[in-house]
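A short write-up of the structure that comes next.
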Amino acid sequence: MSERIVDVVIPVYKPGRTFSRLINRLMKQTVVPNRIFIMQTVGSDSDRLMESLDEHIEIIPVLRSEFDHGGTRALGMDQSEAEYVLMMTQDAVPVDDKLIEHLLSCMEDELVGIAYARQLAGKNSGRVERMSRIYNYPSESRVKSEDDREELGIKTYFCSDVCALYRKSHYEQVGGFVQPTIFNEDMIIAYEMLQEGFKVAYCAEARVIHSHDYTCRQQFARNFDLGVSHNQYKEIFASISSEKEGAGYAKKVLQKLIEHGHFGEAFYFCLQCGCRLAGYRLGLIYDKLPKSVLMKCTGSQWYWE
């Protein structure tokens with residue numbers, strides 16, 4: 001593989017120790033990033049910015065009132081002149097030193113516009129979260145095109161900016177990230193890529209540790225925001241049922257829990273599923289809800305403010 005220049009964009013808000021491990025692993029990759037743009041969310045102009053850890057790292061302040069999942073990433077993308085830009089989140093840690101190398105290998109196919117990594121659960125994750133990672137991020141790689149829609153349904157457009165490498169020329173050709181957006185900027189641009197005739201690669205060899213054991217309240221809020229996104233982009237989501245995909249996942253997890261005698265976890269998982277469905281359904285009708293209700297349901301108060 002010829003040498004290719006890769007920049008990294010990471011939105012950051014109150015980073016912890018995981019973020020330090022992420023930066024350390026990035027700087028030890030077999031393909032070392034050319035530049036790392038840290039989009040640090042701050043409450044006001046007077047908030048203290050992080051100190052750059054390396055000459056290749058640039059800290060870019062983003063006011064909390066101006067943060068946006070699509071807009072902030074687009075701002076980071078605009079800083080880069082590299083051929084490829086890796087989007088990451090502050091809590092995803094590469095498993096080894098070949099993360100970028102593996103993602104770049106997917107770009108040998110000139111039609112691939114995005115290559116996203118496999119996410120593995122952390123060692124302290126709960127059983128359900130570990131099963132979720134296995135379900136959403138299997139051990140086999142796959143390159144997806146619009147032709148896969150009948151087989152994969154909504155999964156055709158599945159992509160995650162937790163760790164996703166973008167070919168900048170294709171990114172620009174489809175108009176970049178939508179903004180503002182409350183959720184799903186990655187799936188929306190994946191959809192746009194496929195409509196343009198490009199491809200999205202899932203690279204199982206590229207691995208990061210990233211998982212969350214969300215509470216019922218957090219599941220409700222996340223899925224409310226998901227429903228809002230699906231309402232706002234009906235042209236993508238209205239014709240493909242995400243509820244059907246969710247029901248299939250829930251059935252498999254529940255069967256596994258019961259088969260192995262984890263009845264308490266099965267009950268709690270059912271509660272979580274109920275919260276997810278309720279949040280999603282409410283999100284689909286967000287435009288009929290008063291703002292006071294929106295603010296209690298959402299996990300993204302910044303979006304409505």
Side-chain angles (χ1 to χ4, degrees), residues 1-12 18-38 56 73 76-77 80 82-123 125 129-145 148 152 155-171 177 185-187 189-190 193-194 198-212:
M1 183 189 304
S2 60
E3 183 177 354
R4 297 181 177 182
I5 298 176
V6 178
D7 285 343
V8 182
V9 173
I10 313 173
V12 168
T18 301
F19 178 68
S20 298
R21 292 200 297 273
L22 162 60
I23 295 298
N24 183 263
R25 294 282 178 90
L26 284 177
M27 300 310 295
K28 293 180 179 179
Q29 291 290 300
T30 56
V31 178
V32 179
N34 175 60
R35 301 283 291 166
I36 298 178
F37 299 100
I38 297 176
H56 298 289
R73 288 180 169 86
M77 184 75 80
S80 173
E83 183 180 6
Y84 302 99
V85 179
L86 177 62
M87 292 289 159
M88 295 198 72
T89 56
Q90 68 185 52
D91 55 354
V93 179
V95 169
D96 55 34
D97 62 356
K98 292 182 171 57
L99 173 73
I100 298 176
E101 179 182 331
H102 286 312
L103 290 171
L104 276 174
S105 69
C106 297
M107 296 295 175
E108 292 298 312
D109 182 341
E110 293 293 332
L111 286 177
V112 171
I114 311 172
Y116 66 99
R118 184 182 185 188
Q119 296 180 32
L120 304 176
K123 61 182 180 180
S125 297
E129 180 64 6
R130 294 198 300 272
M131 294 169 69
S132 172
R133 293 297 157 198
I134 293 171
Y135 181 83
N136 288 315
Y137 300 94
S139 58
E140 299 82 24
S141 297
R142 177 161 187 165
V143 178
K144 299 180 289 186
S145 71
D148 294 311
L152 298 179
K155 282 285 190 180
T156 310
Y157 311 118
F158 183 75
C159 178
S160 177
D161 276 342
V162 163
C163 184
L165 183 69
Y166 287 78
R167 190 191 303 268
K168 196 172 184 187
S169 59
H170 292 4
Y171 166 89
F177 291 116
E185 85 290 335
D186 38 23
M187 285 186 69
I189 197 169
M193 289 272 189
L194 298 188
F198 299 134
K199 300 176 183 177
V200 172
Y202 166 59
C203 183
E205 294 75 25
R207 298 170 297 160
V208 294
I209 302 296
H210 178 261
S211 56
H212 295 283

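The heavy-atom pair separating Leu22 from Ala92 by the smallest distance is CD1-O, 3.1 Å. The minimum heavy-atom distance between Pro138 and Ala204, with the atom names listed, is O-CB, 3.7 Å. For the pair Asp91 and Thr89, the tightest heavy-atom approach, listed with the atom from each and the gap, is OD1-OG1, 2.9 Å.
Interatomic distance, Ile23 CD1 to Met27 CE, rounded to the nearest 0.5 Å: 8.0 Å. To the nearest 0.5 angstrom, Ile5 atom CD1 is 11.5 Å from Leu104 atom CG. For the atom pair CD1 of Ile189 and CZ of Phe177, the computed distance is 5.0 Å after rounding to the nearest 0.5 Å. One finds the CE atom of Met193 at 9.0 Å from the OH atom of Tyr171 (value rounded to the nearest 0.5 Å). Taking CD1 of Ile134 as the start and OG of Ser139 as the end, the distance is 9.0 Å to the nearest 0.5 Å. Between the CG atom of Leu86 and the CD1 atom of Ile100 there is a distance of 5.5 Å, given to the nearest 0.5 Å.
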* Would you sort out whether Asp186 and Ile114 count as a side-chain contact (heavy atoms from CB on, under 4.5 Å), showing the intermediate values? => CA-CA 10 Å; Asp186 38 23; Ile114 311 172; over 6 Å; no
* Asked: Given Val8 and Val85, is the side-chain contact (heavy atoms from CB on, under 4.5 Å) satisfied, shown in steps?
  -> CA-CA 6 Å; Val8 182; Val85 179; over 6 Å; no
* To do: Determine, stepwise, if the pair Lys168 / Tyr84 fulfils side-chain contact (heavy atoms from CB on, under 4.5 Å).
  => CA-CA 6 Å; Lys168 196 172 184 187; Tyr84 302 99; over 6 Å; no
* **Audit row: Val12, Phe19, side-chain contact (heavy atoms from CB on, under 4.5 Å) steps and yes/no** => CA-CA 9 Å; Val12 168; Phe19 178 68; 3.6 Å; yes
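One N or O on the side chain of Ser125 and one on the backbone of Gly122 form a donor-acceptor pair closer than 3.5 Å. The main-chain N or O of Glu83 is never found under 3.5 Å from a side-chain atom of Arg167 such that the two would form a donor-acceptor pair.
Ile209 meets the side-chain contact (heavy atoms from CB on, under 4.5 Å) test with Val95, Leu120; sequence neighbours excluded. With sequence neighbours excluded, the residues satisfying ring pair (Phe, Tyr, Trp, His ring centres under 6.0 Å) with His170 are Phe198. The side-chain contact (heavy atoms from CB on, under 4.5 Å) search around Arg25 returns Val93, Pro94, not counting sequence neighbours. Under the side-chain hydrogen bond (donor to acceptor under 3.5 Å, both in side chains) criterion, Arg142 pairs with Asp148, Glu151, sequence neighbours left out. By the side-chain contact (heavy atoms from CB on, under 4.5 Å) test, Ala115 is found to be paired with Leu103, Cys106, Met107, Ala201, residues two or more places apart in sequence or in another chain being considered. Residues that satisfy the side-chain hydrogen bond (donor to acceptor under 3.5 Å, both in side chains) test with Thr30, not counting sequence neighbours, are Glu101. Under the side-chain hydrogen bond (donor to acceptor under 3.5 Å, both in side chains) criterion, Asp96 pairs with Arg207, not counting sequence neighbours. His56 is linked by a ring pair (Phe, Tyr, Trp, His ring centres under 6.0 Å) to nothing, counting only residues two or more places apart in sequence or in another chain. The side-chain contact (heavy atoms from CB on, under 4.5 Å) search around Glu205 returns His102, Ser141, Cys203, not counting sequence neighbours. With sequence neighbours excluded, the residues that form a ring pair (Phe, Tyr, Trp, His ring centres under 6.0 Å) with Tyr202 are Tyr116. Here Arg73 pairs with Asp161, Glu185 under the salt bridge (Lys or Arg N to Asp or Glu O under 4.0 Å) rule; sequence neighbours left out. Listed by chain and number, the residues in a side-chain hydrogen bond (donor to acceptor under 3.5 Å, both in side chains) with Lys98 amount to none (sequence neighbours excluded).
Taking 4.0 Å as the cut-off between side-chain N and carboxylate O, Arg118 and Glu140 do not count as a salt-bridged pair.
At a threshold of 4.5 Å between non-hydrogen side-chain atoms, the residues Arg133 and Ser211 count as touching. By the 4.5 Å heavy-atom criterion applied to side chains, Gln90 and Thr18 are not counted as neighbours. A 4.5 Å side-chain heavy-atom check between Val6 and Leu165 finds at least one atom pair inside the cut-off. Looking at heavy atoms from C-beta onward, Val143 lies out of side-chain contact with Val200 at the 4.5 angstrom threshold. Side-chain contact between Met88 and Val162: absent, with no pair of heavy atoms (C-beta onward) separated by less than 4.5 Å.
Seen from the ring of Phe158, Lys155 counts as a face-on cation partner, given the 6.0 Å and 45° thresholds.
Checking Ser160 against Gln119 by side-chain atom types alone, a donor-acceptor pair falls below 3.5 Å.
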